[in-house]
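Take a look at the structure set out below.
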Amino acid sequence: MSKLIINADINKGTINRNLYSHFAEHLGRCIYEGIWVGHDSPIPNTEGMRNDVIEALRALQIPVLRWPGGCFADAYLWKDGVGPYEQRKKVVNVHWGGVVENNHFGTHEFLRFCELIDTEPYIAGNVGSGTVREMAEWVEYITFEGESPMTEWRKANGREKPWSLKYFGIGNENWGCGGNMRPEYYSDLYRHYSSYVRNYGDNQIFKIACGPNTADYNWTEVLMREAGHLMDGLSLHYYTTQTDEWNNKGPSTGFDEQLWFQTFKQTLRMDEFIERHDAIMSKYDPEKKVALIVDEWGTWYDVEPGTNPGFLYQQNTLRDALVAAVNLNIFHKHNDRVQMANIAQLVNVLQAVILTEGNRMLLTPTYHIFDMFKVHQGAERVDMALDSPRYEMHGESIEQISASASVDAEGTMHISLCNLHHADSAQLCCELRGTDAAVISGTILQASGLDAHNTFDEPEQVTPAEFRDFRQVDGSWLIKLPAASVVVLSVK
């Protein structure tokens, strides 16, 4: 039997609610069709943005939304996306499918969308192909209240008062699609560009530097050494694949038990990457003033057959739900350094929480994990020790159970549990120390079939249900976790 000891009276710090943030790029059908349908669309909308998507996202209580990319960010010229629609330039989306971008969804639309879903905006600036002046004027256009050419232009375009903008990224993946730069070169560019991302009035910007790709520890070393004192956050990108071949990532459905196992073996590496990058950051920032921002993460498979390969459209299954839950538990564990995480992406792209097709919309299994886990947002993580059995396959093994626990402002403890095994249930003995609270309720996400997923014809194949398979015995709680399941318990 597995054992989980929770020391409810040992506080391990706040779980930043920004760990539950999201990412929306001008890629495939994420923005156009997924969010923006236009003012004249027969699909019910508010100022051109889908009402069904707005309603679903508001329910998730998304803290921060990152935009406009991704690789798109370092080719994006923000001035093309403001002003009357008929005057906005049409450009080619060179990174994603070579489609025409009409720029109808620009700065005003994004910031209005953030207002509609009640989230903080996070803008990624263009370092790869943009100028310092363009970046400086973008920040001025958005946040300055006084008199200047940018504020007069903003007012002429329909926005009298400035917006609040807290998070700003100085480039994206500048080691790759953002310019194929060396860390030494990007460090100098960061110092240069970030100097002109200024604070106007009461608006204080949290500056995020482009950090490493996965295990590029040298990038972190150089950035922290050369520019760490000038940044508030350093990004990290890591995508979970089910194979080691980037050009053959495997299918999102129809996979076998081996690929199921390999996916979790890969996703658990997030823990290692965070630990090692954190160790390097701590050499230069022992007080952990610079946050690690995991602003791109999630599963990445081969696209659905028959779809544009540049649109990165993939189905979302029970497996993706468990991947999301495991990563959120990992982010909780590192709450002293990791202060934001943005799953990729919001709608119709990669590990999306929402899929749309015409006027229809569905919630994916990953959506339900974010809904179940939102109880951890802003809660206090409590100390725990987990003795998990090993999940073995073909001579390899990983821990079968992933767990996290926190106490919210009302004093309710929530325990999130994942059983990664594709076939075996797990008996868990949970000992609660430092409290006389009792388990009062539970929610479970499970389904019949490892690749179970929601479709537009059957949108509720994978949905949460009440969980009651727990009982108190000799002062401990015995919990039976079904195979391939996620459970969230409430303790009061």
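- For Arg29 and Phe311, the positive end is not near the middle of the six-membered ring at less than 6.0 Å and at most 45° from its axis.
- Listed for the Gln345 side chain is a donor-acceptor partner under 3.5 Å among the backbone atoms of Glu25.
- Using a distance-only test at 3.5 Å, with no hydrogens or angles considered, a donor-acceptor pair links the side chain of Asn126 to the main chain of Gly128.
- Summarising the local packing, NZ of Lys79 is surrounded by more than 12 heavy atoms from other residues, nucleotides or ligands at distances under 6.0 Å.
- In summary, the aromatic rings of Trp153 and Trp78 are positioned with their centroids under 6.0 Å apart.
- Using a 3.5 Å distance cut-off with no hydrogens or angles, the side chains of Glu221 and Tyr284 do pair a donor with an acceptor.
- At least one donor-acceptor pair under 3.5 Å links the side chain of Tyr32 to the backbone N or O of Phe105.
- Tyr167 does not carry Arg66 over the face of its six-membered ring by the limits of under 6.0 Å from the centre and within 45° of the normal.
- Summarising the local packing, CD of Glu184 is surrounded by more than 12 heavy atoms from other residues, nucleotides or ligands at distances under 6.0 Å.
- Within a 6.0 Å sphere centred on NZ of Lys288, other residues, nucleotides and ligands contribute more than 12 heavy atoms.
- A distance-only check finds a donor-acceptor pair linking the side chain of Asn45 to the backbone of Ile43 [under 3.5 Å].
- The closest donor-acceptor contact from the side chain of Asn316 to the backbone of Ala352 lies under 3.5 Å.
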* Can Glu380 and Asn11 be said to form a side chain to side chain donor-acceptor pair (under 3.5 Å), step by step? -> CA-CA 7 Å; Glu380 298 300 308; Asn11 187 310; 3.1 Å; yes
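- Taken to the nearest 0.5 Å, the CH2 atom of Trp297 stands 12.5 Å off from the CG atom of Asp295.
- The only option from Arg159, Lys155, Lys161 that meets the salt bridge (Lys or Arg N to Asp or Glu O under 4.0 Å) definition with Glu145 turns out to be Lys161.
- Checked by atom type, the side-chain pair Gln242/Arg319 shows a donor-acceptor distance below 3.5 Å.
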* Can you check side chain to side chain donor-acceptor pair (under 3.5 Å) on Thr46 and Asn51, steps first, answer last? -> CA-CA 6 Å; Thr46 299; Asn51 288 345; 2.7 Å; yes
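- Trp246 carries Lys249 over the face of its six-membered ring, with the cationic atom under 6.0 Å from the centre and within 45° of the normal.
- At distances below 3.5 Å, not a single donor-acceptor pair connects side-chain atoms of Asn348 with backbone N or O atoms of Cys30.
- Neither side chain, Ser406 nor His414, offers a donor N or O lying under 3.5 Å from an acceptor on the other.
- Using a 30° and 60° split on the angle between ring planes, His332 and Phe373 fall in the tilted class, from 30° to 60°.
- Residues Asp244 and Gln266 have side chains that bring a donor and an acceptor to within less than 3.5 angstrom of each other.
- Side-chain atoms of His334 and Asp271 include a donor-acceptor pair closer than 3.5 Å.
- Between Tyr186 and Trp219, the distance from one ring center to the other falls under 6.0 angstrom.
- Counting heavy atoms from C-beta on, the side chains of Asn174 and Asp74 come closer than 4.5 Å.
- If you check the side chains of Asn157 and Tyr141, you find a donor sitting under 3.5 Å from an acceptor.
- Tyr301 and Asp320 form a side-chain donor-acceptor contact under 3.5 Å, judged by distance and modelled atom types alone.
- A ring-centre distance under 6.0 Å is found for Tyr85 and His39.
- Taking the six-membered ring for Trp, His22 and Phe370 have ring centres closer than 6.0 Å.
- Comment: Glu101 does not engage Lys90 in a salt bridge, judged by the lack of any side-chain N to carboxylate O separation of less than 4.0 angstrom.
- Evaluated for a side-chain hydrogen bond (donor to acceptor under 3.5 Å, both in side chains) with Ser252, the options Gln314, Gln351, Glu304 yield exactly one hit, Glu304.
- Cation-pi check for Arg133 over Tyr196 is not met; the charged atom does not lie both under 6.0 angstrom from the ring centroid and within 45 degrees of its normal.
- No hydrogens or angles considered: nothing links the side chains of Asp285 and Ser282 as a donor-acceptor pair under 3.5 Å.
- No side-chain donor from either of Asn335 and Thr14 sits under 3.5 Å from a side-chain acceptor of the other.
- Using a distance-only test at 3.5 Å, with no hydrogens or angles considered, a donor-acceptor pair links the side chain of Glu134 to the main chain of Thr131.
- Using modelled atom types, one finds no donor on one side chain facing an acceptor on the other under 3.5 Å when comparing His453 with Thr253.
- Thr119 places a side-chain N or O within donor-acceptor distance of the main-chain N or O of Ile62, the cut-off being under 3.5 Å.
- Between Tyr76 and Trp138, the ring-plane angle classifies as tilted under the 30° and 60° cut-offs.
- No more than 12 heavy atoms of other residues, nucleotides or ligands shown are found within 6.0 angstrom of NZ on Lys89.
- The six-membered or imidazole ring of Phe72 lies near that of His26, with a centre-to-centre distance under 6.0 Å.
- Note on ring orientation: taking the six-membered ring where Trp is involved, the planes of Tyr200 and Phe144 are tilted (angle from 30° to 60°).
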